[in-house]
Amino acid sequence: MSIGDIFSLFGGVGLFLYGMSMMSSGLRSACGDNLQKILEKATRNKISAVLMGILVTMLIQSSSATDVMVIGFVNSGMMTLSQAIGVIMGANIGTTITAQITAFDLGTWAPFILFVGAVMYLFFKKQVIKHIGSIIMGFGMLFQGISLMKSAIAPLASTAVFQNLLATMSNPFLIVLFGVAFTALLQSSSSATVIFQAFAVEGIISYYTCVYLLIGSAIGSVTPNFLASLTTNRNGKRTALLNLLFNLIRAALLMAVIGIFPQILDFIQYISGNDVGRQVANTHTLFAIFAVIVMLPFSEYIVKLAQKLMPAKKSELKDEDDRRLQFLTNVEELPTAVAISQARKEIARMGAISVSNLAMALESFFELDEEKAARVLEVEETVNYLDNAIISKLVQLRTMNISQKDMNRVYHLILSVADIERISDYAENISGYGNQFRAEKVTLSEDARKDLLEVSELCLEDINLCLEIFENDEYHKLHEVEELESDMEERLEEAKDNHVKRLLNATCKPIVDVIFTDLLTDLERSAAHADNVAYALSPQNGVQRLE
C-alpha cells in the first residue's frame with residue numbers, strides 16, 4: 001500500500017464525514033426547530049420514543065447527533081431517562097440506514113449527484129432549494145468518499161502487515177474490541193461501519209469478522225455522547241451512561257445469540273444473496289431491530305441500573321422535586337378563583353427558589369466558591385423550567401371562559417412569573433462575576449466589599465418582603481417596600497460615590513470596576529422586578545384582592 005493509497009484513504013474518510021455533516025446540516029436547516037420539537041413531544045410512550053429515534057436518526061444520518069440532543073433534553077428536564085432510552089434504542093436502528101444506502105454501488109453516479117446538488121445550492125436563491133442542494137451534495141460526497149476508500153484499501157489485502165493483523169484477530173472478543181477502538185477513534189459509528197463494509201466487499205476481511213466489528217462499533221459510538229455529557233448535570237451524564245449500558249448489553253446479547261445459533265449468520269447471507277455489502281447492511285439492521293425488540297420491555301431496568309451506578313445527589317433530588325408543579329396541575333378541572341389562587345401559590349414557590357438562588361449567587365461571589373457558582377446554574381435551570389411550565393398553565397387558563405376581572409389577574413400573574421425569572425437570571429450573572437474574579441485572580445478591597453454586602457442585604461430583604469406580600473395579600477406592608485426602596489437607593493448612591501473616589505485614587509483595577517458596577521446594577525434591577533411582583537395583584541394596580 002503506497003503513500004498515495006494512504007492519502008486516498010484519509011481523503012475518502014474525510015469526504016465521507018464531511019458529506020454526512022453536510023447532509024445533517026442541510027436537513028436541520030430545512031426542518032428548522034421541528035426535529036427537536038418532534039423529538040421532545042413525541043416520546044410519551046416507549047414505542048413512539050423508539051419510532052422517533054429511528055425517524056430523526058434516519059433524517060440527520062447520525063445516531064450521535066440524536067443522542068446528544070437527547071442528553072440536552074434530559075439535562076434541561078424536558079425529557080426523563082425512561083423517555084430517553086426509547087429514543088436511544090431507536091437511534092441504534094436508524095443509524096443502520098447508512099449501511100443500507102452504501103450497500104448500493106452508486107460510486108459511478110457520485111459526480112453527477114454532486115453536480116446536481118452544487119447547481120441547486122449555487123444558482124437558486126430560495127433557501128429551501130439551497131438546503132435541498134446541500135443535502136444532495138452531502139449525499140454525493142458520501143458516495144464519492146466511499147469510492148475513494150474502496151480504491152485505497154484494495155491493495156491492503158496483499159500487504160503482510162495487514163494480513164498478520166487479521167490473523168491475530170481470530171478471537172471474536174478481540175475483533176469486538178478492535179471495532180470499539182476504531183469507532184471511538186473516528187467518533188462516528190456510521191463511518192466505521194462503512195469502512196468495515198468496504199473491507200468486506202474488497203475481500204480484505206470476511207463477513208464473519210465484519211459482524212463482530214459491527215458489534216464493537218455500536219459500543220464505540222457512545223464516545224461523542226460522553227464528551228457531550230461532560231458539561232451537563234448528573235442526569236445528562238446518566239443519559240450517556242444509559243447509552244453505554246444499552247450497547248454493552250446489546251453486544252453481550254448478540255455475542256450469545258451468535259454463539260448459540262451460528263446458523264443465523266448463514267441465514268442472513270442466504271436472504272441477502274451473494275452481495276457482501278448487502279449482507280453486512282442487513283446484518284447491521286436486523287441485529288439492531290432484534291436488540292431493541294428483546295430489550296425494550298426491560299428498558300426500565302436499564303434505567304434503574306444507570307441510576308444505581310450514578311446515584312442522585314441530595315441537590316439533584318431537590319431539583320427533581322422543585323421542577324414538579326405542586327399547586328397548578330389540573331387547571332381545567334378547577335373553578336377559576338381556585339385555579340388563580342393555586343397559580344399564585346405556585347408562583348410564590350418559584351419566587352422562593354429564585355431569591356434563594358440569588359442569595360447563593362451572592363455567597364458564591366463573596367466567598368469565590370466554585371461549587372456554589374455551579375449550583376446556581378443548576379437552580380437557574382429549575383427556575384427556567386418552572387417559568388415555562390407555569391406560563392403554559394396560565395395561558396391555558398386564559399383560553400378558558402373567564403371574566404374580564406379574572407383575565408386581568410391572570411395577565412398580571414404572567415408578568416410576575418417573568419419578573420421572578422429575571423431575578424434568577426441576575427443570580428446567574430453574579431455567579432459568573434465570581435468566576436471572573438477567580439480566573440483573573442483579583443479581589444475586592446475591604447471598602448468595596450462592605451458596600452456590596454450592605455446593598456446585597458437590603459436587596460434580599462426587599463425581595464423577600466415583596467414575595468411575602470404577593471403570597472399572603474399583605475398589601476398593608478407596601479409602605480415598608482417603599483421605605484426599603486428608599487434605603488436601598490440611598491445606599492446604592494453612596495456605594496457608587498465611594499467607587500468613583502476609588503477610581504480617582506487609582507486603587508481599583510479595571511475588571512473590578514466593571515464587575516462592581518454591573519453587580520450593583522443587577523441588584524438594583526432584581527429589587528425592581530420584586531417590587532413589580534409585590535404590586536402585581538394589589539388594589540393599587542387595579543386588581544381586586546383575591547379572597
Side-chain angles (χ1 to χ4, degrees), residues 20 23-24 27-28 31 33-76 78-101 183 188-193 214-215 217-226 228-229 235-236 238-254 281-306:
M20 292 277 289
M23 284 178 65
S24 177
L27 282 160
R28 284 170 181 260
C31 298
D33 294 329
N34 292 332
L35 284 177
Q36 291 192 4
K37 290 177 181 177
I38 291 170
L39 190 59
E40 178 187 340
K41 293 179 180 179
T43 54
R44 295 179 181 176
N45 61 64
K46 292 179 181 180
I47 302 299
S48 64
V50 171
L51 293 175
M52 277 302 106
I54 295 171
L55 176 63
V56 172
T57 307
M58 285 174 62
L59 287 175
I60 64 177
Q61 286 290 289
S62 173
S63 60
S64 295
T66 303
D67 293 338
V68 167
M69 276 196 287
V70 170
I71 288 172
F73 288 138
V74 175
N75 182 62
S76 64
M78 292 188 292
M79 186 182 288
T80 65
L81 289 172
S82 296
Q83 292 172 307
I85 191 168
V87 180
I88 289 169
M89 287 181 173
N92 273 266
I93 297 175
T95 194
T96 66
I97 193 66
T98 305
Q100 291 290 350
I101 292 172
T183 307
S188 171
S189 62
S190 297
S191 304
T193 300
L214 293 179
I215 293 173
S217 177
I219 301 173
S221 69
V222 304
T223 310
N225 305 327
F226 271 99
S229 71
N235 247 350
R238 201 176 283 125
T239 308
L241 176 61
L242 198 65
N243 196 0
L244 176 61
L245 289 173
F246 167 71
N247 281 293
L248 285 173
I249 297 169
R250 173 183 186 264
L253 173 66
L254 293 174
N282 289 344
T283 304
H284 194 27
T285 302
L286 291 173
F287 276 11
I289 294 172
F290 171 75
V292 170
I293 291 173
V294 173
M295 295 171 66
L296 187 60
F298 305 98
S299 59
E300 287 301 322
Y301 293 102
I302 303 174
V303 171
K304 288 178 181 178
L305 179 58

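Just so it is clear, the structure is predicted and the values come from calculations on it, not from any experiment.
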Peer 1: Kindly compute the distance separating CD1 (Ile249) from CG (Leu244), expressed to the nearest 0.5 Å.
Peer 2: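 With rounding to 0.5 Å, CD1 (Ile249) is 9.5 Å from CG (Leu244).
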Peer 1: For a quick test of reading the model, state the closest non-hydrogen atom pair linking Arg250 to Ala291 and the distance between them.
Peer 2: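 So the minimum-distance heavy-atom pair works out to CG-CB, 3.6 Å.
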Peer 1: For Gly220 and Thr183, work out which heavy atoms get closest and say how close.
Peer 2: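 Looking at all heavy atoms of both residues, the closest pair is C-CG2, 3.8 Å.
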Peer 1: How long is the straight-line distance from CE of Met89 back to CD1 of Ile54, given to the nearest 0.5 Å?
Peer 2: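 Reported to 0.5 Å precision, the distance equals 11.5 Å.
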Peer 1: About how many Å separate CG of Leu253 and CE of Met295, when rounded to the nearest 0.5 Å?
Peer 2: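 Nearest 0.5 Å value for the CE-CG distance: 7.0 Å.
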Peer 1: In Å and rounded to the nearest 0.5 Å, what is the NE2 to OG1 distance from His284 to Thr193?
Peer 2: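 Reported value, rounded in 0.5 Å steps: 4.0 Å.
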Peer 1: For Asn243 and Thr239, indicate whether the former's side chain and the latter's backbone hold a donor-acceptor pair under 3.5 Å.
Peer 2: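 Judged by distance alone, no pair lies under 3.5 Å.
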Peer 1: How many angstroms lie between CG in Leu245 and CZ in Arg238, if you round to the nearest 0.5 Å?
Peer 2: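 So the CG of Leu245 and the CZ of Arg238 are separated by 11.5 Å.
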Peer 1: Side chains of Leu296 and Ile47: does their closest heavy-atom pair fall under 4.5 Å?
Peer 2: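 Result yes, sub-4.5 Å side-chain heavy-atom pair found.
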Peer 1: Which residue is it: Leu241, Ile85, Ile88? I am looking for the one with a side chain to side chain contact (heavy atoms under 4.5 Å, CB included) to Ile302.
Peer 2: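 Of Leu241, Ile85, Ile88, side chain to side chain contact (heavy atoms under 4.5 Å, CB included) with Ile302 is met by Ile85 alone.
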Peer 1: In sequence, state the C-alpha distance, the side-chain angles, and the governing distance for Phe246 and Val292, and then conclude on side-chain contact (heavy atoms from CB on, under 4.5 Å).
Peer 2: CA-CA 9 Å; Phe246 167 71; Val292 170; 4.3 Å; yes
Peer 1: Run the side-chain contact (heavy atoms from CB on, under 4.5 Å) check on Val50 and Val87 step by step: do they pass?
Peer 2: CA-CA 5 Å; Val50 171; Val87 180; over 6 Å; no
Peer 1: Measure the spacing between CD1 of Ile93 and CD1 of Ile293 and express it to the nearest 0.5 Å.
Peer 2: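 So the CD1 of Ile93 and the CD1 of Ile293 are separated by 7.0 Å.
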